[in-house]
Amino acid sequence: MIKNIVHFNVQQIADSGQCFRMNNIGNNSYSLVAFNKYLEIEQLDKNQVVFRCEDEDFETLWADYFDLNYDYGNVVHSIHNSEDDFLKKAVEYGEGIRILKQDLWETIVSFIISQRKSIPAIKSTIEKLCMKFGEKKSFEGKVYYTFPSPEVIAEQSMEGLQGLALGYRDKYILNTAKTIANGEVNLELIKQMSREDAILELKKLSGVGEKVANCVALYGMHKIDAFPVDVWIKRVVDTYYGGFFDTNTYKGFNGIVQQYMFYYMKNKYKS
DNA sequence: TCCCAGGCTTGGT
DNA sequence: ACCAAGCATGGG
């Protein structure tokens with residue numbers, strides 16, 4: 001179905017480093033697997049987007065997944081009206097970015113894997129993980145693999161996790177899966193927590209530190225004030241903000257600000 | 001080949 | 001509490 005959406009650009013979302021199972025399939029189209037479903041999405045023009053999926057899945061899943069009920073215009077305008085020249089340019093460059101509402105468990109595993117890996121390498125490892133432990137499904141002839149549950153990974157041994165290019169992160173993934181599968185850390189409870197409490201709880205997981213916990217809060221819990229600082233954001237802060245970025249300036253939507261910064265710095269300045 | 005990648009854990013002060 | 005080394009492996 002065709003939808004008219006402002007501040008929405010599929011290519012920018014796919015290349016913004018927040019999701020790892022969204023792939024270009026040509027003709028301004030992308031495939032995506034999330035919440036055990038398969039979607040093809042095409043950008044027809046600036047404000048027209050085609051969603052190829054079951055009709056009911058758009059309303060019950062994808063509209064929420066792509067955060068279509070959040071007013072990004074408000075964020076864009078408040079940055080336009082600021083004195084922040086760097087951020088103005090970043091918004092102009094990536095004004096179609098949205099913060100996705102991804103599955104919490106998948107986001108945890110994905111960002112544990114992400115540490116000291118390039119985005120293509122992250123995507124490759126996650127796809128291997130899904131092909132090995134996920135459920136094989138198909139939608140209109142397209143075969144895809146779901147993201148494996150904590151329980152399925154928890155019952156593996158260290159040997160079972162070899163061949164996925166996890167490297168030293170293999171033990172983090174196995175320990176985290178076990179911790180969640182046995183109820184030591186409860187994701188349903190975390191979903192109800194404040195950003196601060198959720199981040200504290202997430203950091204109990206093996207392989208989850210400050211940065212990964214903030215990414216999980218932002219992309220897996222829609223805590224849009226979370227401000228993950230990775231090497232690219234560090235570069236932004238050092239280069240354009242004199243080494244300190246005051247998160248009080250954009251209080252309430254620092255995560256969206258962070259995403260504009262990341263996308264602009266990483267893709268515009270490939271230094 | 002060399003360097004870097006959406007960092008974390010551990011052990012030493 | 002802070003700091004630095006070590007970490008496995010793919011991709012450019």
Side-chain angles (χ1 to χ4, degrees), chain A residues 12-24 90 93-94 97-100 102-104 106-132 156-180 185 199-241 243 245 247 254-271:
Chain A
Q12 290 174 6
I13 294 167
D15 293 338
S16 69
Q18 58 177 310
C19 61
F20 303 105
R21 302 199 72 194
M22 195 168 174
N23 296 309
N24 192 316
Y93 185 69
I97 289 175
R98 281 173 180 259
I99 303 297
L100 301 176
Q102 302 182 70
D103 175 70
L104 179 57
E106 178 171 340
T107 309
I108 291 169
V109 174
S110 297
F111 280 91
I112 290 174
I113 291 171
S114 79
Q115 61 183 250
R116 287 181 67 87
K117 268 185 179 295
S118 65
I119 290 175
I122 299 164
K123 295 175 77 164
S124 167
T125 290
I126 290 174
E127 213 51 39
K128 286 177 190 165
L129 184 72
C130 293
M131 288 183 74
K132 184 157 185 183
Q156 300 303 316
S157 62
M158 288 290 284
E159 294 75 50
L161 291 181
Q162 286 179 350
L164 308 174
L166 285 168
Y168 64 88
R169 310 162 194 79
D170 52 3
K171 54 187 174 296
Y172 299 160
I173 299 295
L174 187 56
N175 288 339
T176 289
K178 285 180 176 172
T179 303
I180 290 171
V185 167
I199 285 173
L200 280 176
E201 194 66 15
L202 287 165
K203 284 167 75 174
K204 292 180 181 173
L205 297 169
S206 174
V208 177
E210 188 67 28
K211 188 270 176 183
V212 168
N214 273 275
C215 283
V216 171
L218 181 56
Y219 309 124
M221 301 178 65
H222 207 250
K223 300 291 188 188
I224 54 172
D225 202 30
F227 190 77
V229 177
D230 73 324
V231 291
W232 292 97
I233 297 299
K234 276 198 189 78
R235 270 167 216 161
V236 168
V237 172
D238 288 346
T239 308
Y240 298 101
Y241 296 91
F245 181 77
T247 52
N254 281 295
I256 301 175
V257 165
Q258 179 271 157
Q259 202 64 19
Y260 294 138
M261 289 176 168
F262 176 85
Y263 180 73
Y264 184 60
M265 196 65 178
K266 181 165 172 39
N267 296 296
K268 186 74 173 179
Y269 294 118
K270 300 191 174 183
S271 56

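Quick caveat, the model's predicted, so the values are computed rather than measured. In what follows, every heavy atom counts, from backbone to side chain, and hydrogens, waters and symmetry copies are set aside.
- Going from the P atom of B/dG6 to that of C/dA4 covers 24 Å, rounded to whole Å.
- Across all strands shown, A/Y219 has heavy atoms under 4.0 Å from base atoms, whether or not it also approaches the sugar-phosphate.
- If you take CD1 of A/I233 and P of B/dG7, they are 11 Å apart, rounded to a whole angstrom.
- Per the geometry, CD1 belonging to A/I119 stands 5 Å off P belonging to B/dG6, to the nearest Å.
- Nucleotides C/dG11 and B/dC8 place their P atoms 22 Å apart, quoted to the nearest Å.
- Inter-residue side-chain proximity for A/F245 and A/Q258 is flagged as unmet; no heavy-atom pair is nearer than 4.5 Å.
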Sort me out a list of protein N/O and nucleotides 8-12 of chain C N/O pairs below 3.5 Å, or just none if empty.
residue : atom : partner : partner atom : Å
C/dA8   : O4'  : A/Y168  : N            : 3.2
C/dA8   : N6   : A/R116  : NE           : 3.3
C/dA8   : N6   : A/R116  : NH2          : 3.4

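- Every residue meeting the side chain to side chain contact (heavy atoms under 4.5 Å, CB included) condition with A/A177, not counting sequence neighbours, appears here in chain and number order: A/W105, A/I153, A/A154.
- For A/R98, the salt bridge (charged side-chain N to carboxylate O under 4.0 Å, His left out) criterion is met by no residue, not counting sequence neighbours.
- With sequence neighbours excluded, the residues forming a side-chain hydrogen bond (donor to acceptor under 3.5 Å, both in side chains) with A/K203 are A/E210, listed by chain and number.
- Under the 4.5 Å side-chain criterion, counting only non-hydrogen atoms from C-beta, A/T125 is not in contact with A/R169.
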Atom pairs under 3.5 Å, N or O on each side, protein against nucleotides 9-13 of chain B: can you list them with distances?
residue : atom : partner : partner atom : Å
B/dT9   : OP1  : A/G207  : N            : 3.0

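- Residue ring and base: A/F262 counts as stacked with B/dG6 (centre distance below 5.5 Å, interplanar angle below 30°).
- Looking at A/R235, A/M261, A/M265 one by one, the single match for side-chain contact (heavy atoms from CB on, under 4.5 Å) with A/Y240 turns out to be A/M265.
- Across all strands shown, A/S16 has heavy atoms under 4.0 Å from base atoms, whether or not it also approaches the sugar-phosphate.
- Taking 4.5 Å as the limit, some side-chain heavy atom of A/I180 sits within range of a side-chain heavy atom of A/L205.
- Ring geometry, A/Y219 versus A/F111: the interplanar angle falls under 30°, so the pair is classed parallel (tilted spans 30 to 60°).
- Pairs of residues two or more places apart, or lying in two chains, that qualify as salt bridge (charged side-chain N to carboxylate O under 4.0 Å, His left out) and include a residue from residues 217-232 of chain A are A/R195-A/D225.
- Between the CG atom of A/N267 and the P atom of B/dA5 there is a distance of 14 Å, rounded to whole Å.
- We find that CD1 of A/I99 is positioned 13 Å from C1' of B/dG6, with the value rounded to whole Å.
- The CE-P distance, from A/M265 to B/dA5, rounds to 11 Å in whole Å.
- Regarding A/D230, its CG atom lies at a distance of 13 Å from the C1' atom of B/dC4, rounded to whole Å.
- The residue A/Q162 sits apart from the nucleic acid: no heavy atom pair falls under 4.0 Å.
- For A/N214 and B/dC8, the CG to C1' distance is 14 Å, given to the nearest whole Å.
- As a whole-Å value, the separation of A/R235 CZ from B/dC4 C1' is 9 Å.
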